Amino acid sequence: MSKMLEVKDLSINFGGIKAVRDFSFDIEEGEILALIGPNGCGKSTTVNLISGVSTPNTGTIKYQGEFLTKKHSIATRSKMGIGRTFQTPKPFGFLSVYDNVFSITLQRHGFKEARAKTNEILKMFELDMVCEEPSIKLPIEKRKWLDLARVMATEPKLVMMDECMAGLNPNEMQENLELVKRINKTGVTILFIEHVMRAVVSVCTRAVVMNEGTFLFEGTPETALKNADVIRAYIGGAATETPDESKGGE
């Protein structure tokens with residue numbers, strides 16, 4: 001199995017604050033890798049660096065064997081197959097669900113192909129029954145699905161899912177986890193940034209833990225939750241219990 005993404009010694013400062021420092025990890029092609037850590041540890045900043053929103057002060061990002069630099073804009077990285085969601089879904093609020101996806105598929109395909117691709121994606125995400133609804137009227141779960149659907153419309157190879165379980169009830173969460181698995185089965189590699197540990201254990205075989213902007217631990221989700229350093233990072237003090245599943249967002 002080849003490396004989809006290799007991050008090496010990544011660092012970025014905002015003023016005097018070292019948001020990410022000398023952080024390294026990699027993702028295998030086809031993997032669902034968890035990136036976890038306590039609030040403010042640098043997870044979303046790392047996603048911004050990989051997607052091109054921010055430029056690192058030092059370190060390298062290699063995607064499918066190619067180093068990403070300043071010349072690789074957000075749009076260029078998207079065309080290369082790098083996609084991401086946001087903690088708060090950001091669809092075009094007053095466009096219909098259908099047009100939110102169609103407007104993206106149309107960037108890559110002719111009119112007929114774009115319509116077929118849009119219908120396929122909406123069916124996959126069970127949004128076909130609400131395709132004419134303005135996206136602003138969707139409940140939070142469906143807006144999160146639409147956010148993912150719009151990413152899938154870019155035909156990504158790597159998707160970074162930033163807290164796609166936040167705000168969902170247990171039933172909605174289970175449906176979302178099944179959707180994550182379906183996306184992965186299509187051949188998409190996933191970086192799963194999440195604070196709901198039950199979700200992490202359910203879909204990920206490997207977890208990388210950040211703390212204070214840098215690498216702390218790597219292993220299975222189960223071993224991460226039992227690691228003394230990880231426990232201290234989440235709850236502070238003595239390592240007497242596992243991290244609570246409600247902690248660790250950013």
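Residues: numbered from 1 along the sequence shown. Remember, predicted model here, so these are calculated numbers, not experimental data.
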List the residues meeting ring-ring contact (aromatic ring centres under 6.0 Å, His included) with [X], not counting sequence neighbours, and say none if there are none.
{"X": "F94", "answer": "none"}
{"X": "Y98", "answer": "F102"}
{"X": "F23", "answer": "F25"}

Tell me whether F92 at atom CZ has more than 12 heavy atoms from other residues, nucleotides or ligands lying less than 6.0 Å away.
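Incorrect, the count does not exceed 12.
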Please check if the number of heavy atoms outside E155 that lie under 6.0 Å from its CD is greater than 12.
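It does: E155 CD has more than 12 such atoms within range.
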Running the 4.5 Å side-chain criterion over Ile, Leu, Val, Met, Phe, Trp and Tyr, what cluster does I74 land in, apart from itself?
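Once heavy-atom contacts under 4.5 Å are chained together, I74 belongs with V53.
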Partners passing salt bridge (charged side-chain N to carboxylate O under 4.0 Å, His left out) against E178 (at least two apart in sequence or in another chain):
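With neighbours one apart ignored, the set is K181.
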Considering residues at least two apart in sequence or located in another chain, which fulfil the salt bridge (charged side-chain N to carboxylate O under 4.0 Å, His left out) criterion with R206?
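Salt bridge (charged side-chain N to carboxylate O under 4.0 Å, His left out) check on R206 returns D26, E31, E218.
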So which atom in [X] and which in [Y] form the shortest heavy-atom distance, rounded to 0.1 Å?
{"X": "P221", "Y": "V201", "answer": "CB-CG2, 3.9 Å"}
{"X": "E163", "Y": "K144", "answer": "O-NZ, 3.3 Å"}
{"X": "S135", "Y": "N100", "answer": "OG-ND2, 3.4 Å"}
{"X": "A114", "Y": "H109", "answer": "N-CB, 3.8 Å"}
{"X": "F192", "Y": "C204", "answer": "CD2-SG, 3.7 Å"}

Without swapping roles, check the side chain of [X] against the backbone of [Y] for a donor-acceptor pair under 3.5 Å.
{"X": "N48", "Y": "S54", "answer": "no"}
{"X": "E133", "Y": "L138", "answer": "no"}
{"X": "D147", "Y": "P91", "answer": "no"}
{"X": "Y234", "Y": "G37", "answer": "yes"}
{"X": "K18", "Y": "E212", "answer": "no"}

As a test of understanding, state which of L146, L148, T154 forms a side chain to side chain contact (heavy atoms under 4.5 Å, CB included) with R150.
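Per the side chain to side chain contact (heavy atoms under 4.5 Å, CB included) rule, the option paired with R150 is L146, out of L146, L148, T154.
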Among L5, L33, I193, exactly one meets side chain to side chain contact (heavy atoms under 4.5 Å, CB included) together with M160. Which residue is that?
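When side chain to side chain contact (heavy atoms under 4.5 Å, CB included) is applied between M160 and each of L5, L33, I193, only I193 qualifies.
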Quick test of your reading of the model: are D229 and R232 salt-bridged, counting only N-O distances below 4.0 Å?
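So D229 pairs with R232 through a salt bridge.
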Can you find a pair of side-chain heavy atoms, one from M165 and one from L177, that are under 4.5 Å apart?
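M165 reaches L177 side chain to side chain.
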Check whether any side-chain heavy atom of H72 sits under 4.5 Å from a side-chain heavy atom of T69, and report yes or no.
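Side-chain contact under 4.5 Å: yes.
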Check: D162/S44 side-chain N/O donor and acceptor closer than 3.5 Å
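Yes, side-chain donor-acceptor contact under 3.5 Å.
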How about E29 and T189: does a side-chain donor come under 3.5 Å of a side-chain acceptor?
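Not at all, the side chains of E29 and T189 share no donor-acceptor pair under 3.5 Å.
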